[in-house]
Amino acid sequence: MPDKVPAEAAATSFLPYGRQEIGDADIKAVVEALVSGWLTTGPRVAEFEQAFAAHCGAAEGVAVNSGTAALHCAMRALGIGPGDEVIAPAITFAASANAALYEGATPVFADVEPDTLLIDPASVADKITARTRAIVAVDYGGQPADYDALREMARERGIALIADACHSPGATYKGRPVGTLGDISCFSFHPVKHMTTCEGGMAVTDDAEMAAHMRRFRNHGIDSDHRSREASGAHAYDMGELGYNYRLPDVQCALGLAQLGRLSGWVAARQKIAALYAAALASLAEILPLKTHGDRTNAHHLYVVKLAGHVDRDRVFARLRAEGIGANVHYAPVYLHSYYRARGYAPGLAPVAEEASRRILTLPMFPAMTAADVERVTEALTRATA
Ligand SMILES: *Cc1c(COP(=O)(O)O)cnc(C)c1O
């Protein structure tokens, strides 16, 4: 992607809902890694893990090849297994719940708050049973969930708290950074997220034992890697459990390290764009931006608006797309996917989520967006909802 699009082209070009930034420093870092001799697990893996964990205020980071793999690692490290129930919000990317299925556990869907679409602690309380072993809090759109309420419930019942922070790196909850709010926090470096390693993810935690477990789990369940064996001069290794190959290559960690230095600036740019949207949409009664609670900051992965009940969302979506604006919908309730329906999940489990999912629209949001882009979107939206 070129850094700057000429003004004439910008007016007619497709405006996606999200877009990564790749600059000269990223290209240089990747090329350096490529010619360094380390392609997969090399020195940049630990370097990236430490730098990203430090950025989050956490002690340990475990780099993996997707956010989904990070969630799976978290499930394994927390000992989630068959017979266990894991509570996740109805409105999220399917991976938040699928990770429980990978370990043979049963996802249970909590409803969401109507004006933030964050997991509703009151609904979580309703869904806790004697089998509940973990809660997956999702920081929907970029805003941290209500971790104090969830933490209190989890502590009382001896339940683990996983933060699916794929939307929220750089956000804070009551002054505490995302990455310190769950027992394990999971991030994604997919290109549409705040920073990218092409594909990639990270699980961060303060628990050294869980971090060590996740490092084995991402490497087939083996207790050492080829680098540590080379260093020690030993050839023997042991596979103590069935793990996976979830390793993030050195070359991609080099990209992650180069991107990490710009993360705070990108989050600030997103917050500025959100403020422009909020100002432009304030006078439109048909279009309600989601709220951000006063005790949190929002990293704005997605800019989501809720349309008034009488507006035909799919018609507005189609009209925006016809104007070259990459509107989207995040998300339909996870349990309405056919895979879940075939396993007994049915409409009615999370009524607030079901109603909201018919009214939401994701507008373009990425750091390089200009004030003119925001104006183009809001004007198109005004026409489409008139
Ligand atoms: C992106 C995302 C994931 C999965 O990340 P991948 O890197 O695509 O595997 C999980 N949960 C949420 C909420 C996400 O947005």
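Quick note: residue numbers are just sequence positions, from 1. Note that ligands are numbered from 1 as they come in the structure, with each ligand's atoms numbered from 1 the same way.
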| request: Verify the ring-centre separation between Tyr244 and His220: is it less than 6.0 angstrom? | output: no
| said: So does Pro114 get a backbone contact from the side chain of Lys306, meaning a donor-acceptor N/O pair under 3.5 Å? | reply: yes
| Structural part of Lys193 in contact with ligand 1, heavy atom criterion under 4.0 angstrom | side chain
| task | Could you tell me which atoms of ligand 1, counted from 1 in the order shown, lie closer than 4.0 angstrom to a heavy atom of Tyr331? | result | 15 (O)
| said: Using a 4.0 Å cut-off to any heavy atom of Phe93, which atoms of ligand 1 qualify? | reply: 2 (C), 3 (C), 4 (C), 10 (C), 12 (C), 14 (C)
| query | If you count the atoms of ligand 1 from 1 in the order shown, which ones are under 4.0 Å from a heavy atom of Gly67? | reply | 5 (O), 6 (P), 7 (O), 9 (O)
| field | Numbered atoms and elements of ligand 1 in range of Thr92, under 4.0 angstrom, heavy atoms | value | 13 (C)
| request: Using a 4.0 Å heavy-atom threshold (strictly under), name the region of Phe187 that reaches ligand 1: side chain, backbone, both or neither. | output: neither
| Carboxylate-amine/guanidinium proximity below 4.0 Å for Arg358 and Glu354 | no
| To the nearest 0.1 Å, how far is atom 15 (O) of ligand 1 from its closest protein heavy atom, and which atom is that? | His167 NE2, 2.8 Å
| message | For Gln252 and Phe189: C-alpha separation, side-chain torsions, deciding distance, then whether side chain to side chain contact (heavy atoms under 4.5 Å, CB included) applies. | response | CA-CA 10 Å; Gln252 285 169 251; Phe189 306 127; over 6 Å; no
| task | Kindly say whether the aromatic ring centers of Phe109 and Tyr340 come within a distance under 6.0 Å. | result | yes
| message | Does only the side chain of Thr68 get under 4.0 Å from ligand 1, or the backbone, or both, or neither? Count heavy atoms. | response | both
| request: Would you mind listing which atoms of ligand 1 come within a distance below 4.0 Å of any non-hydrogen atom of Ser66? | output: 7 (O), 9 (O)
| query | If you measure only the distance, is there a donor-acceptor pair under 3.5 Å linking the side chains of Glu379 and Thr382? | reply | no
| said: In this structure, does ligand 1 have an atom that sits under 4.0 Å from one of the heavy atoms of Gly201? | reply: no
| query | Is the Phe93-His330 ring centre distance short of 6.0 angstrom? | reply | no
| request: On the 0 to 90° scale, with breaks at 30° and 60°, tag the Tyr140-His167 ring pair as parallel, tilted or perpendicular. | output: tilted
| request: Could you tell me which atoms of ligand 1, counted from 1 in the order shown, lie closer than 4.0 angstrom to a heavy atom of Gly200? | output: 7 (O)
| message | Is the positively charged end of Arg343 above the ring of Tyr339, judged by distance under 6.0 angstrom from the centroid and angle within 45° of the axis? | response | yes
| message | Students should be able to answer this: which protein heavy-atom is nearest to atom 11 (N) of ligand 1, and at what distance? | response | Asp164 OD2, 2.8 Å
| Where on His301 is there a heavy atom closer than 4.0 Å to ligand 1, on the side chain, on the backbone, on both, or on neither? | neither
